[in-house]
Amino acid sequence: MAHAVVILAAGLGTRMKSKLPKVLHPLMGKPLVGYCIDTAFASGAEKVVVVIGHGAELVRKTFAGYQNLEFVVQDRQLGTAHALAQAKPALAGYPNSVVVTQGDTPLTRVETLTGLVEAIGDAGMAMLTMKLDDPSGYGRILRDEQGEIVRNVEQKDATPEQRAIREINPGVYCFDHTVWERLEAVDNNNAAKEYYLPDLIKLYRSAGKRVVSTESTDPGELLGVNSRQQLAQVEQVLISRLCAHWMAQGVRIIRPETVYIEPTVQLEADVTLWPGVILRGSTKIAEGAEVGAYSVLTDAVVEAGARVKSHSVLESAHLGAGSDAGPFARLRAGTVVEEGVHIGNFVEIKNTRLKRGVKAGHVSYLGDAEIGEDSNIGAGTITANFDGKRKHKTVIGRGVFIGSNSTLIPPITIGDGAFVAGGSGINKDVPEDALAIARARQENKDDFMKRKRESE
Ligand code: UD1
Ligand code: CA
C-alpha cells in the first residue's frame, strides 16, 4: 500500500523567540522536523513533501542528503488547507493515498501513519482521533447517531455544547488521491478567516465518500512544540522512552530522570550509567562498562568493563577494555586508550595512543604522543606539542618512567626502559635504558638559614 506524506511546517514559531526556524530546533541532536521526516519514510512513504515558511534555504541545506524529499514554500500562512495546497505541484498525478502530518509534533508514531493508510480502504479520508479529559484548544469531532464522523469544529467556532466534546482532532490524516481538487472548494468563512484542512470532512461527505478514523491513546503523539518549554517536555518524553528501551536491554540507569541519551547512542547489557550522564552522537558503550556521574561522552567508544569515573569528558575518544579514566579526565579527539590503562584525575589527552598497561595517574597534558606498553607517566607531565606554529610528536617507548613535573619538548623519542628524572625539561632523544636528567643541579648551602636568622 504505497503512499506519500505531506508534513505541514510553515508555522512561524514566533514563540520560540529564536533566529533559527522552528523546524530546525534540535531535539536530542536532530532537527525537530527531522523526526517527522524519518517517521514518514519509516512508514513506507514513496515521497515526502514538507511545506515550510521562512528559512527555506537553510532547511533545504540541512536535509540535502535525503532522497525523495521535497520542500515547498508557503509564503503566507493562510491556514492548514492552504498549506496542503502548496504541495499539489509536487504530488499532482500521484495515484495513491496522501498522509498529512504536522511538522511540530515529533512524537507521532510510525504505526499511526501506517494505521491510517490501512484504515482508509475505499473511504475518501481517514483521520486520527483522541479522547482527552481536557480537549481545550483542539478541533472537536462531531459524529452522527451511527457514529460516523460528520465534521470537525475548531475551538474558536464551537458552541458551548460542542466544546464539551472530548474527542479531538490531533491533525493527522490520510486522503485519497482526489484530495487536490477538493482542496479548491475549502473556504475561509470561519472565526480565524483561515482555510481549514479538516473542512475536507464535509466536502468528502457531500461527494458521497465516507470519513473513517483510528484512535490513538498515546498522549505523546499530541505533544506539539511551540515554545522552548514544550521542546523540553518533548525531550523528556523522548529520553524516558529511550531509557525504558535501554533498561529493557539490560542497562542499569541510576536516576533515569537525570540522564541525557541521544537516539544514536548504542549501549550493551550490564552497562551502568550514574546520575547526570550525557551520551551523545555515535557513542558506544560495551558490556559491563560504567559511566560515572556527570560525565559527558560524545562520539566516544568505551569497551567492555571499562570505567569512566565521574565528571569526565570524552570526545571522539576510545577507552579500551578494562581501562579506567577520571574522575575529571578529558579525552579529546584522536585519543586511543588500549586495554588495562589507568588514567587519573585532571589528565587531558589529545590525539595520543596509550598502549596496554600505561599509567597516567595525575594532572597531565598528553598531546600528539604515542606511549608504549606499561610506561608510567608521572604527575604533572606535559608534552609541549605546539611550538607556536606547528604540532610535533612525542614518542615514548615501552616500560618508560617519566618522573613528575617533566616537560617533554618534541619532536623527541624516549627509548624503551628509559627513566626521566622528575622536574626535567627534555628536548633531546633519550636512548633505551638511559637515565635522563635535565634540570639545574641542586646546591645545599650549609647553615645558611641559621646565619640569616642570627644576623636579623
Ligand atoms: C490544527 C487543526 C485542529 C487540530 C490541531 C491539532 C486546523 C484548522 N485545525 O489546529 O483541528 O486539533 O491542529 O494540533 O487545521 N501550518 C502551516 N501553514 C498554515 C497554518 C498551519 O504550515 O498556514 C502548519 C503549522 O506549522 C503546524 C500545523 O500546520 O505544523 C498545524 O497548524 P496550527 O496553526 O498549529 O493548527 P491548530 O490551530 O493547532
Ligand atoms: Ca497546533
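Counting starts at 1 for both ligands and their atoms, following the listed order. All of these numbers come straight from a predicted model, not from anything done at the bench.
For the pair Gly224 and ligand 1, no heavy-atom separation below 4.0 Å is found.
Remark: ligand 1 atoms within the under-4.0 Å shell around heavy atoms of Pro198 are 7 (C), 8 (C), 15 (O). Residue-ligand proximity, Gly103 to ligand 1, at heavy-atom distances under 4.0 Å covers atoms 30 (O).
For the pair Glu154 and ligand 1, the shortest N or O to N or O distance falls below 3.5 Å. Any N or O atom pair closer than 3.5 Å counts here, and Leu8 shares at least one such pair with ligand 1. By the 3.5 Å distance cut-off applied to N or O atoms, Gly11 is counted among the residues near ligand 1. Between Asn169 and ligand 1, at least one N/O pair is under 3.5 Å apart. Considering backbone and side-chain N/O of Tyr196, none are found under 3.5 Å from N/O of ligand 1. In terms of polar-atom proximity, defined here as any N/O pair under 3.5 Å, Gly79 does make such a contact with ligand 1. Looking at Leu78 next to ligand 1, an N or O pair under 3.5 Å apart turns up.
Of the candidates Lys22, Gln74, Gln77, the one placing a heavy atom closest to atom 18 (N) of ligand 1 is Gln74. Closest heavy-atom approach to atom 28 (C) of ligand 1 within the set Met127, Gln86, Gln102: this belongs to Gln102.
Of all the heavy atoms of Ala81, none lies under 4.0 Å from any atom of ligand 1, so neither backbone nor side chain is involved.
Judged purely by distance below 3.5 Å, without hydrogens or angles, the side chains of His342 and Asp324 pair a donor atom with an acceptor atom.
Taking the six-membered ring for Trp and thresholds of 30 and 60 degrees, Tyr173 and Phe175 have nearly parallel ring planes, at less than 30 degrees apart. Ring geometry for Phe328 against His311 counts as parallel: the plane angle stays under 30°, on a 0 to 90° scale with 60° as the upper cut.
Exactly one of Asp157, Asn188, Thr80, Asn152 qualifies for a side chain to side chain donor-acceptor pair (under 3.5 Å) with Tyr196. That residue is Asp157.
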Working note: Arg332 + Glu315, criterion salt bridge (charged side-chain N to carboxylate O under 4.0 Å, His left out); need CA distance, chi angles, decisive distance, verdict.
CA-CA 5 Å; Arg332 294 165 54 197; Glu315 232 179 272; over 6 Å; no
